[in-house]
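Working notes, structure below.
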Protein chains: 2
Amino acid sequence: MAATSNKELKKVLRAHELKATSQRIALLKLLNSTQDHLDAEEIYFELYNQQKNVSRATVYRSLEALVAQELVSKLDFGDGRSRYERSKGDDEHHDHLICEKCGKVIEFFNLEMEAQQLSVCEEHFFTPTTHTMYIFGTCADCRPPNST
Amino acid sequence: MAATSNKELKKVLRAHELKATSQRIALLKLLNSTQDHLDAEEIYFELYNQQKNVSRATVYRSLEALVAQELVSKLDFGDGRSRYERSKGDDEHHDHLICEKCGKVIEFFNLEMEAQQLSVCEEHFFTPTTHTMYIFGTCADCRPPNST
DNA sequence: GCGTAAATGAGAATCAGTCTTATTTTGAGG
DNA sequence: CCTCAAAATAAGACTGATTCTCATTTACGC
């Protein structure tokens with residue numbers, strides 16, 4: 001799927017008019033290697049453990065640049081911090097179900113819903129760029145077994 | 001529509017097991033009086049101007065209590081702060097289109113979309129409590145007239 | 001290899017929101 | 001209306017996430 005070698009990542013960065021610094025490469029590599037929705041502190045800590053010598057400021061600045069170039073997606077689960085994941089193509093777009101009890105995040109994609117969103121935009125002569133759709137509630141594991 | 005006299009607001013608060021303090025009444029009155037999506041600082045400033053003598057801490061604490069009682073809704077437009085509006089009944093539920101150029105917020109309601117959300121939840125054995133659905137983009141006024 | 005614009009590191013600064021503590025207020029009971 | 005305990009408040013200290021500042025380092029076109 002996504003580029004993983006240093007050489008490939010370098011190309012990707014250059015293609016987006018971003019200088020290919022070791023910090024940005026390490027950051028992209030990290031996001032490519034996980035399915036988790038990492039926050040800035042987790043990213044900082046992980047890179048620190050990898051002896052990558054990346055400052056917190058650089059983590060934030062790099063993420064900002066990568067999000068602007070749509071190489072990374074910024075997520076907001078409503079807990080007061082931003083999370084990030086490797087950006088997926090339109091064909092991999094998804095939204096999230098968030099369990100308020102255990103914090104689990106379930107990704108989903110629903111074509112009808114996306115279509116409805118477009119039709120709402122049309123009604124209002126609105127040109128959409130992105131959207132956020134989070135459904136909060138209780139996941140199957142946290143739901144008492146006797147309830148429906 | 002919603003209660004507006006001090007007496008009525010007092011009743012509403014008491015009905016929700018909240019002591020009817022002057023600060024909470026002023027806060028509810030303010031939210032009842034506007035269609036805007038105010039943030040905590042704006043609320044604090046407005047009450048300060050009204051000589052209501054409400055501290056910032058009280059604004060936050062009161063909002064928290066009112067949100068817990070569903071008298072007020074908390075919104076997150078992704079700009080790093082929470083916004084609040086008078087809570088509307090289920091029949092008044094709506095989502096938001098947010099213009100990234102002028103900041104305008106357009107409210108909408110789409111039954112199919114709500115239905116799709118429920119069906120997604122069912123598929124995942126997920127019990128929803130609330131959801132946030134924000135579509136970001138460009139509103140009609142900010143869209144260049146020659147584009148579709 | 002050189003030079004410069006861009007990126008980074010370290011830590012100060014900011015900003016929304018929360019917490020602490022002493023003081024004030026509400027509302028139940030008489 | 002008066003009393004009192006529990007709850008709420010004011011003021012400002014504190015926190016945690018994020019941004020900014022500025023001196024230093026690095027990428028990369030030539």
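Below, chain A is the first sequence line, B the second, and so on; all start at residue 1.
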Hey, which sits more toward the 5' end of DNA chain C by its nearest nucleotide, B/Ala57 or B/Leu18? B/Ala57
Atom CZ of B/Arg56 to atom C1' of D/dA10: distance rounded to whole Å? 12 Å
Looking only at the side chain of B/Ser82 (C-beta and beyond, no hydrogens), which of the listed nucleotides D/dC28, C/dG17, D/dA8 gets closest? C/dG17
A/Arg56/A/Glu41 salt bridge by N-O under 4.0 Å criterion: yes
For C/dA7, does OP1 or OP2 lie under 4.0 Å from any side-chain N or O of A/Arg24? yes
Once you apply a heavy-atom cut-off of 4.0 Å, does B/Glu41 come out as touching a base, just sugar-phosphate, or nothing? nothing
B/Leu47 CG - D/dT9 P separation (whole Å): 12 Å
Quick one about B/Glu114 and B/His93 (side-chain donor to acceptor, distance below 3.5 Å, no hydrogens or angles considered), yes or no? yes
Among C/dA7, C/dG9, C/dT26, which nucleotide has an atom closest to any side-chain atom of A/Val54? C/dG9
Quickly work out the B/Lys10 NZ to C/dT25 C1' distance and round it to whole Å. 12 Å
Could you check whether B/Lys104 pairs with B/Asp141 (Lys NZ or Arg NE/NH1/NH2 to Asp/Glu carboxylate O, under 4.0 Å)? yes
Kindly point out which of D/dA10, C/dT8, C/dT26 is positioned nearest to the side chain of A/Ser62? C/dT8
Upstream residue (5' side of DNA chain C) when A/Gln23 and B/Gly80 are each assigned their closest nucleotide: A/Gln23
Using the side-chain heavy atoms of B/Tyr60, tell me which of these nucleotides is nearest: D/dA17, C/dG27, C/dA16. C/dA16
Scan A/Asp39 against the nucleic acid and name what it touches under 4.0 Å (heavy atoms): base, sugar-phosphate only, or nothing. nothing
Round to a whole Å and report the spacing from CG of A/Asn53 to P of C/dG9. 6 Å
At 4.0 Å (heavy atoms only), tell me whether A/Ser22 reaches a base, stays on the sugar-phosphate, or touches nothing. nothing
Whole-Å distance, B/Lys52 NZ to C/dT24 P, equals 21 Å
From the options C/dT8, D/dC28, D/dT18, select the nucleotide whose nearest atom is closest to the side chain of A/Thr58. C/dT8
For D/dG29, does OP1 or OP2 lie under 4.0 Å from any side-chain N or O of A/Arg14? yes
C/dG9 base / A/Arg61 side chain donor-acceptor hit below 3.5 Å: yes
Check: B/Tyr134 ring centre within less than 6.0 Å of B/His96 ring centre: yes
Starting from P on D/dA7, measure out to CD on B/Glu64 and report it in whole angstrom. 16 Å
A/Asp79 has an atom CG; how far is it from atom C1' of D/dG16, in whole Å? 12 Å
For B/Phe136 and A/His131, run ring pair (Phe, Tyr, Trp, His ring centres under 6.0 Å): C-alpha distance rounded to whole Å, both residues' side-chain angles, the deciding distance at 0.1 Å, then the answer. CA-CA 6 Å; B/Phe136 298 90; A/His131 71 261; 9.3 Å; no
B/Lys52/B/Glu46 ion pair, N-O < 4.0 Å: no
A/Glu17 CD to D/dA27 P: how many Å, rounded? 19 Å
